[in-house]
There are 2 protein chains.
Amino acid sequence: MEDNKFSYKYPHPAVATDCVIFGFDGNSLEVLLIERGLEPYRGRWAFPGGFVKIDESCEEGAVRELQEETGLVNPYIEQFHTFSEPGRDPRERVITIAYYALVCKQDVKGGDDATKAQWFKLNDVPQLAFDHDLILRVALNRLREKIHFEPIGFELLPDKFTMRQLQQLYEAILEVQFDRGNFAKKMLHYNILNQLDESVWPTPKREAKLYSFNIENYNDMKRKGYRMEF
Amino acid sequence: MEDNKFSYKYPHPAVATDCVIFGFDGNSLEVLLIERGLEPYRGRWAFPGGFVKIDESCEEGAVRELQEETGLVNPYIEQFHTFSEPGRDPRERVITIAYYALVCKQDVKGGDDATKAQWFKLNDVPQLAFDHDLILRVALNRLREKIHFEPIGFELLPDKFTMRQLQQLYEAILEVQFDRGNFAKKMLHYNILNQLDESVWPTPKREAKLYSFNIENYNDMKRKGYRMEF
DNA sequence: TCAAAAGTGTTCTCCCTACACCCATGG
DNA sequence: CCATGGGTGTAGGGAGAACACTTTTGA
């Protein structure tokens with residue numbers, strides 16, 4: 001095989017990244033999937049991802065793939081697990097470093113048109129290619145654990161949001177119901193929200209205040225050793 | 001190069017595992033290090049680890065290396081991060097999937113004698129080979145996060161232990177001081193300890209009750225959705 | 001007899017919970 | 001005028017923090 005220019009003394013697996021992209025539509029948590037155009041698993045949905053280049057870190061690779069396929073720049077991204085079962089890819093031994101990204105759906109323009117991308121509500125996700133069903137389960141667990149103690153939820157919302165939107169986001173991720181008053185009280189108590197002068201009519205009823213995330217106060221809080229918890 | 005029998009169309013990184021082994025000596029958290037006998041970083045200390053075989057998962061590889069180098073069988077092991085900076089290994093591109101193991105020091109016999117292994121208190125850890133300083137920092141963070149909500153500390157203790165030993169373990173890991181009475185009250189309240197009939201003299205003073213971890217009750221608790229927190 | 005450590009109890013405070021109540025808006 | 005949703009207040013209970021008290025042992 002003349003094409004195989006890269007030789008090693010011992011067998012090397014291929015190394016890829018996959019990225020679970022979470023978004024929020026106001027009611028449900030969603031993930032962005034891509035329909036595979038090539039074998040294997042042609043026609044099945046999968047997470048965006050690809051092979052890591054030899055001179056980039058895995059995180060750089062994941063960010064690069066993300067931008068190529070969704071147009072996202074500077075996304076919130078976090079590594080959560082590496083999947084390495086032999087046989088998880090029928091072509092050759094591939095291990096994949098999996099990331100999840102939290103994006104505000106408005107920011108996703110859709111990448112190059114060759115790839116067919118689509119948002120799926122968590123309950124509507126079809127059977128996925130490779131071991132991506134497993135990857136999704138692990139990603140969800142990690143997201144739920146993380147949001148208990150870090151204000152990562154804000155990455156899924158626009159810059160300005162109402163208290164109800166924030167509550168619905170937490171309820172969608174954690175699959176619980178919060179008391180309206182207590183949620184607002186607790187959230188405001190952490191002092192990580194700016195209350196803006198503006199307001200909106202999120203429903204046909206009464207207008208609601210708008211808030212933004214105050215990252216400086218949050219960093220102060222962390223520096224002083226406080227933890228938030230939800 | 002006649003030796004290079006394994007060829008690929010695109011360059012492949014090498015894939016390794018490293019394992020941060022935590023132990024507890026009664027006062028301090030410790031890690032097991034191995035002195036490197038070969039270049040690079042010959043003479044420097046590093047975590048046990050090695051390359052992943054082409055037909056084993058990374059976890060299988062980590063467990064195998066662990067047994068080869070320490071004699072440990074069936075250890076508590078958990079993947080926590082994958083390190084992939086280009087240049088982290090001067091020989092070739094190597095990405096490493098990092099695990100931490102929690103062991104009861106009594107169970108470690110020491111592996112084959114060719115490798116020089118030694119326990120280091122966290123404060124006495126020297127500068128390590130490769131990026132293992134970073135790996136240790138990340139491992140410690142993850143261990144601290146995890147022990148807040150899961151009773152993994154018991155893996156570091158003998159089967160039978162006193163309340164004070166357990167408290168000292170938590171204090172060593174989290175670097176805080178607990179009130180004696182409150183710690184015992186809270187821990188017993190979770191109902192995950194068996195109080196044994198035996199007792200010991202852990203100090204030259206008064207005898208103390210012995211406890212063991214009740215994993216059935218803990219699993220019950222988890223199934224019912226309760227969380228422990230420390 | 002004293003110091004140290006184990007075991008247990010008590011009080012105070014704070015936060016979370018579950019509601020209740022008012023206000024604004026559109027039908 | 002009523003239903004819906006935003007905003008705020010209040011009473012009760014539970015858990016943690018601080019600390020005190022007793023008992024047992026060796027020096």
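Note on naming: letters A, B, ... go to the chains in the order of the sequence lines (proteins, then strands), and numbering restarts at 1 for each one. Here the structure is a predicted model, which is why all the values come from computation and not from measurement.
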Looking across every strand, which nucleic acid part, if any, lies under 4.0 Å from Arg164(A) by heavy atom: base, sugar-phosphate, or nothing?
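Answer is sugar-phosphate: Arg164(A) comes under 4.0 Å of backbone atoms only.
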
Students often get this wrong, so: under 4.0 angstrom with heavy atoms, is Lys185(B) touching a base, only sugar-phosphate, or nothing?
base

Which nucleotide in the list [options] gets nearest to the side chain of [X]?
X: Asn182(B); options: dC19(C), dG6(D), dA18(D); value: dA18(D)
X: Ala208(B); options: dT25(D), dG7(C), dT25(C); value: dG7(C)
X: Arg206(B); options: dA4(C), dA18(D), dA6(C); value: dA6(C)
X: Arg180(A); options: dG16(D), dG6(D), dT17(C); value: dG6(D)

Please give, in whole Å, the distance from [N] [atom2] to [X] [atom1]?
X: Glu229(A); N: dC14(C); atom1: CD; atom2: P; answer: 19 Å
X: Phe178(B); N: dC19(D); atom1: CZ; atom2: P; answer: 17 Å
X: Leu193(A); N: dG7(D); atom1: CG; atom2: P; answer: 13 Å
X: Phe230(B); N: dA15(D); atom1: CZ; atom2: P; answer: 14 Å
X: Met187(A); N: dG7(D); atom1: CE; atom2: P; answer: 15 Å
X: Gln167(A); N: dG6(D); atom1: CD; atom2: C1'; answer: 12 Å
X: Leu188(B); N: dT8(C); atom1: CG; atom2: P; answer: 9 Å
X: Leu210(B); N: dG7(C); atom1: CG; atom2: P; answer: 10 Å

Ring centres under 6.0 angstrom apart ([X], [Y]):
X: Phe149(B); Y: Phe149(A); answer: yes
X: Tyr170(A); Y: Phe183(A); answer: yes
X: Phe47(A); Y: His132(A); answer: yes

Scanning both residues in full, the closest heavy-atom pair of Lys121(A) with Ser28(A) reads CD-OG, 3.8 Å

One thing to verify: whether Lys160(B) and Glu198(B) come together as a salt bridge, which I'm taking to mean a side-chain N less than 4.0 angstrom from a carboxylate O.
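So Glu198(B) pairs with Lys160(B) through a salt bridge.
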
Of Lys209(B) and Lys205(B), whose closest DNA chain C nucleotide lies nearer the 5' terminus?
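Closest to the 5' end, via its nearest nucleotide, is Lys205(B).
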
Nearest heavy atom decides the nucleotide; on that basis, is Gly181(A) or Glu207(A) closer to the 5' end of DNA chain C?
Gly181(A)

Of His189(B) and Asp179(B), whose nearest nucleotide on DNA chain D comes first from the 5' end?
His189(B)

